[in-house]
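Bear in mind the structure is a predicted one, so any value in this text is a computation, not a measurement.
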Amino acid sequence: QQARHNYLLTSPSVSPDRQWAQLLTPHGRLEARAPNLWQVTSILSASPFLSWPRNMTVYRHKDGTLILHNPIVLDDEGMEKLATLGSPDVLIAPNSNHCRDISAYKRRFPDATVLCPGDCVEKVEEVVAVDATCEEFLCKNLELRVYRPGMLPNGYNELVYELPLEGSETTSLLFCDTFVSYSPESVLLRMTFKGFGMSTSPRIAKSSIFFHYKFPKHVPLLERWLEKVLESSHSVELLLFTHGPPIR
């Protein structure tokens with residue numbers, strides 16, 4: 001199954017239309033989180049008993065640049081809705097584990113700029129060519145802020161993005177795998193969450209199960225970091241996640 005998936009991602013012999021169709025998973029509608037920010041949720045199923053939601057975040061910069069964070073293949077209706085927002089200018093692979101659909105988007109929108117965090121370029125380029133790093137392009141070209149919490153383990157390739165909200169002086173923070181707000185429906189996942197001491201409330205931001213498993217010593221430091229950011233900032237209004245609903 002993994003070999004077939006890798007073939008779909010990287011083989012030039014697979015037509016763009018076939019690749020798109022094969023990567024399509026059940027998803028909802030694009031939902032507005034702010035006047036210039038939207039999300040859509042898709043469900044990945046590892047088995048009949050285990051499924052996991054993932055979000056694509058669509059952000060329109062003040063200069064009109066349309067950014068897709070964690071691109072997700074959408075059906076015709078979803079792509080028509082996306083088209084009403086504009087043509088994707090920037091495609092972000094938030095880490096080396098979130099590259100599933102990005103090559104399909106690059107083939108459909110060849111002029112889009114592909115970004116990823118600086119220390120995962122090599123891994124992401126196994127799937128799609130990277131044009132620039134998030135740290136370089138977003139900060140210099142679009143004057144957006146990105147953060148890498150200092151307590152993250154060396155080599156862990158993930159950033160936190162601060163996105164200004166249109167029509168206000170407030171901002172949002174966008175996370176990938178460091179924090180989730182996901183309340184699992186699966187009994188197996190609920191048991192796993194509780195086994196790691198994680199809340200299953202959908203309204204609580206918590207370190208992801210990946211962190212609890214692989215970097216347990218970093219979890220309290222990471223959670224304190226988020227608490228300090230929220231305490232010290234008067235502008236953060238919205239927390240956005242790649243796994244789970246937003247929190248205001």
Side-chain angles (χ1 to χ4, degrees), residues 20-21 23-45 51-95 98-102 104-105 108-109 112 115 138 142 144 146 158-186 189 199-206 208 226 230 235-248:
W20 194 273
L23 291 174
L24 182 64
T25 54
H27 64 80
R29 295 182 178 182
L30 272 168
E31 298 185 12
R33 307 301 189 200
N36 61 332
L37 200 154
W38 302 262
Q39 284 188 314
V40 59
T41 301
S42 169
I43 303 297
L44 279 179
S45 297
S51 60
W52 191 256
R54 58 192 180 122
N55 297 328
M56 173 172 73
T57 299
V58 181
Y59 178 73
R60 186 166 56 214
H61 188 265
K62 62 183 180 181
D63 70 0
T65 298
L66 198 68
I67 301 171
L68 272 55
H69 176 274
N70 190 43
I72 292 174
V73 163
L74 304 179
D75 60 20
D76 291 344
E77 182 180 352
M79 291 306 293
E80 288 173 4
K81 173 62 177 177
L82 181 62
T84 66
L85 307 179
S87 179
D89 299 299
V90 175
L91 308 173
I92 296 179
N95 63 41
H98 280 262
C99 303
R100 183 184 184 275
D101 297 358
I102 195 168
Y105 268 87
R108 182 167 286 204
F109 302 100
L115 308 179
L138 296 179
L142 298 179
L144 294 175
V146 298
E158 185 165 318
L159 302 168
V160 178
Y161 306 82
E162 184 173 358
L163 305 175
L165 302 180
E166 185 179 303
S168 73
E169 299 298 321
T170 60
T171 64
S172 62
L173 293 180
L174 174 59
F175 304 93
C176 186
D177 289 337
T178 45
F179 287 95
V180 299
S181 65
Y182 172 49
S183 180
E185 296 180 3
S186 161
L189 275 181
S199 167
T200 55
S201 166
R203 306 305 300 171
I204 298 176
K206 49 194 173 287
S208 70
L226 178 57
L230 296 179
S235 65
V236 176
E237 175 185 303
L238 181 65
L239 302 182
L240 296 165
F241 305 92
T242 301
H243 302 290
I247 295 177
R248 292 185 181 273

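Residue pairs meeting the salt bridge (Lys or Arg N to Asp or Glu O under 4.0 Å) criterion with at least one member in residues 59-83, sequence neighbours excluded, do not occur. Applying the ring pair (Phe, Tyr, Trp, His ring centres under 6.0 Å) rule to pairs touching residues 69-89 yields His69-Tyr161, sequence neighbours excluded.
The two atoms that bring His243 and Pro53 nearest to each other are ND1-O, 2.7 Å, heavy atoms only. In this structure, Glu158 and Thr178 approach most closely via the heavy-atom pair OE2-N, 2.9 Å. Here the closest non-hydrogen pair linking Ala112 and Pro88 is CB-O, 3.7 Å. Taking all atoms of both residues into account, the shortest heavy-atom contact from Gly64 to Asp89 is O-OD2, 3.9 Å. For the residue pair Thr171 and Pro164, the shortest heavy atom distance occurs at CG2-CA, 3.9 Å. Scanning all heavy atoms of the two residues, the minimum distance from Leu74 to Met56 falls at CD1-CE, 3.9 Å.
Of the listed residues (Leu165, Leu163, Leu240), just one forms a side chain to side chain contact (heavy atoms under 4.5 Å, CB included) with Arg33, and that residue is Leu240. Screening Val90, Leu66, Leu142, Asn36 against His61 for a side chain to side chain contact (heavy atoms under 4.5 Å, CB included) leaves a single residue, Leu142.
Asp177 is not listed as a side-chain neighbour of Pro94, based on a closest heavy-atom distance of 4.5 Å or more. Side-chain contact between Leu159 and Cys176 is absent, with no heavy-atom pair separated by less than 4.5 Å. Looking at heavy atoms from C-beta onward, Leu226 lies in side-chain contact with Phe175 at the 4.5 angstrom threshold. Taking 4.5 Å as the limit, some side-chain heavy atom of Thr57 sits within range of a side-chain heavy atom of Leu37. Side-chain atoms of Ile92 and Leu138, non-hydrogen and from C-beta on, do get closer than 4.5 Å to each other.
Under a 3.5 Å cut-off, the side chain of Asn55 and the backbone N or O of Phe241 do form a donor-acceptor pair. For Thr170 (side chain) and Val236 (main-chain N/O), no donor-acceptor pair under 3.5 Å exists by modelled atom type. The backbone N or O of Val73 sits less than 3.5 Å from a side-chain atom of Asp101, completing a donor-acceptor pair. Looking only at distances, no side-chain donor or acceptor of His27 sits under 3.5 Å from a matching main-chain atom of Thr41.
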Run the side chain to side chain contact (heavy atoms under 4.5 Å, CB included) test on Leu85 and Leu30 for me, step by step, so that the C-alpha distance in whole Å, both residues' side-chain angles and the decisive distance to 0.1 Å come before the verdict. CA-CA 11 Å; Leu85 307 179; Leu30 272 168; 4.3 Å; yes

Do Leu68 and Leu82 pass the side chain to side chain contact (heavy atoms under 4.5 Å, CB included) test, and can you show the C-alpha distance, the side-chain angles, and the key distance before you say yes or no? CA-CA 10 Å; Leu68 272 55; Leu82 181 62; 4.3 Å; yes

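One finds the CE atom of Met79 at 11.0 Å from the OG1 atom of Thr84 (value rounded to the nearest 0.5 Å). Rounded to the nearest 0.5 angstrom, Leu115 CG and Ile102 CD1 are separated by 8.0 Å.
For the pair Glu31 and Arg29, the salt-bridge criterion is not met [side-chain N within less than 4.0 Å of a carboxylate O].
Tyr105 and Phe109 have parallel rings, their planes meeting at less than 30° on a 0 to 90° scale where 60° marks the start of perpendicular.
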